S.K.: 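Attaching a single structure in structure tokens format; questions to follow.
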Amino acid sequence: MASLWLFIVVMSIFTESTELDTESTIMAILIFSSIFGVLVAWFRELEGGIILLIVTIAHSTFAFIVAGRNKGLAMLISGGPFFVIGSLFIATWWRSKRSILTANDD
């Protein structure tokens with residue numbers, strides 16, 4: 001999902017000849033933050049999952065502020081996938097920790 005957002009940003013830089021405004025800058029920061037969260041989560045599930053949940057809140061809040069209509073849908077599209085991904089990383093961390101504790105009890 002983060003790669004898709006990055007692709008959209010790169011393509012818009014090449015196809016649009018407008019200068020960066022505040023909205024574009026914030027969106028770029030959010031996209032790079034989500035990529036950072038995924039990279040961290042790849043190696044440390046809990047910390048990366050938490051970063052992704054924070055990014056979810058930031059994406060959804062930004063979508064709520066910027067969207068003209070269908071604010072709920074904009075929030076769901078921009079933050080929803082990162083919520084699922086972050087939650088899955090946290091669940092993976094929790095499950096692996098639980099299985100280690102169960103193995104040590106035996």
Side-chain angles (χ1 to χ4, degrees):
M1 192 64 201
S3 299
L4 174 67
W5 279 109
L6 182 63
F7 176 75
I8 291 170
V9 167
V10 169
M11 292 310 294
S12 90
I13 289 172
F14 288 124
T15 58
E16 298 176 11
S17 60
T18 60
E19 294 182 25
L20 282 176
D21 58 347
T22 307
E23 185 177 319
S24 300
T25 304
I26 292 172
M27 193 64 192
I29 291 169
L30 289 173
I31 290 168
F32 286 115
S33 298
S34 59
I35 291 170
F36 175 73
V38 170
L39 291 175
V40 169
W42 195 260
F43 298 103
R44 301 191 51 94
E45 292 93 359
L46 178 63
E47 291 83 359
I50 291 170
I51 291 171
L52 285 171
L53 292 181
I54 292 169
V55 167
T56 296
I57 294 167
H59 269 286
S60 295
T61 303
F62 183 70
F64 180 79
I65 293 169
V66 174
R69 293 182 171 172
N70 297 324
K71 291 183 185 272
L73 181 62
M75 291 172 63
L76 182 65
I77 289 173
S78 63
F82 296 112
F83 176 76
V84 171
I85 294 166
S87 299
L88 287 173
F89 274 119
I90 292 172
T92 301
W93 168 81
W94 181 75
R95 186 171 180 188
S96 66
K97 182 177 177 158
R98 192 179 76 183
S99 66
I100 289 171
L101 291 175
T102 304
N104 288 340
D105 288 342
D106 292 336

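The figures that follow rest on heavy atoms only: side chains count, while hydrogens, waters and symmetry mates do not. Note that this is a predicted model, so its numbers are computed, not measured.
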S.K.: Which residue in the set Phe89, Phe36, Phe82 passes side chain to side chain contact (heavy atoms under 4.5 Å, CB included) when paired with Ile51?
M.R.: Phe36
S.K.: Might you point out which heavy atoms bring Gly79 and Thr56 nearest each other, and give the distance in Å?
M.R.: O-CG2, 3.3 Å
S.K.: Can you list the other members of the hydrophobic cluster that holds Leu46, where links are side-chain heavy atoms under 4.5 angstrom apart?
M.R.: Ile50, Leu53, Ile54, Phe83, Ile90, Trp93, Trp94
S.K.: Mind checking who shares a hydrophobic cluster with Val84, ILVMFWY linked at side-chain heavy-atom distances under 4.5 Å?
M.R.: Leu88
S.K.: Is there a path of hydrophobic side-chain contacts, each under 4.5 Å between heavy atoms of I/L/V/M/F/W/Y residues, joining Met27 to Val66?
M.R.: yes
S.K.: Give, for atom OG1 of Thr92 and atom NZ of Lys97, the distance between the pair rounded to the nearest 0.5 Å.
M.R.: 14.5 Å
S.K.: Taking only residues two or more places apart in sequence, or in another chain, which ones meet Ile26 in a side chain to side chain contact (heavy atoms under 4.5 Å, CB included)?
M.R.: Thr22, Leu30, Phe62
S.K.: Of the non-hydrogen atoms in Ala67 and Ala74, which two are nearest, and what is the gap between them?
M.R.: CB-CB, 3.7 Å
S.K.: Enumerate the side chain to side chain donor-acceptor pair (under 3.5 Å) contacts for residues 41-55, please, sequence neighbours excluded, ordered by first and then second residue.
M.R.: Arg44-Glu47
S.K.: Taking the side chain as everything from C-beta on, heavy atoms only, tell me whether Val38 gets closer than 4.5 Å to Ser34.
M.R.: no
S.K.: When clusters are formed from ILVMFWY side-chain contacts under 4.5 Å, directly or step by step, what else is grouped with Ile57?
M.R.: none
S.K.: For residues 57-77, pull every pair meeting side chain to side chain donor-acceptor pair (under 3.5 Å), keeping only residues two or more places apart or in separate chains.
M.R.: none
S.K.: If you group Ile, Leu, Val, Met, Phe, Trp and Tyr by side-chain heavy-atom gaps below 4.5 Å, do Leu52 and Ile29 land in one group?
M.R.: no
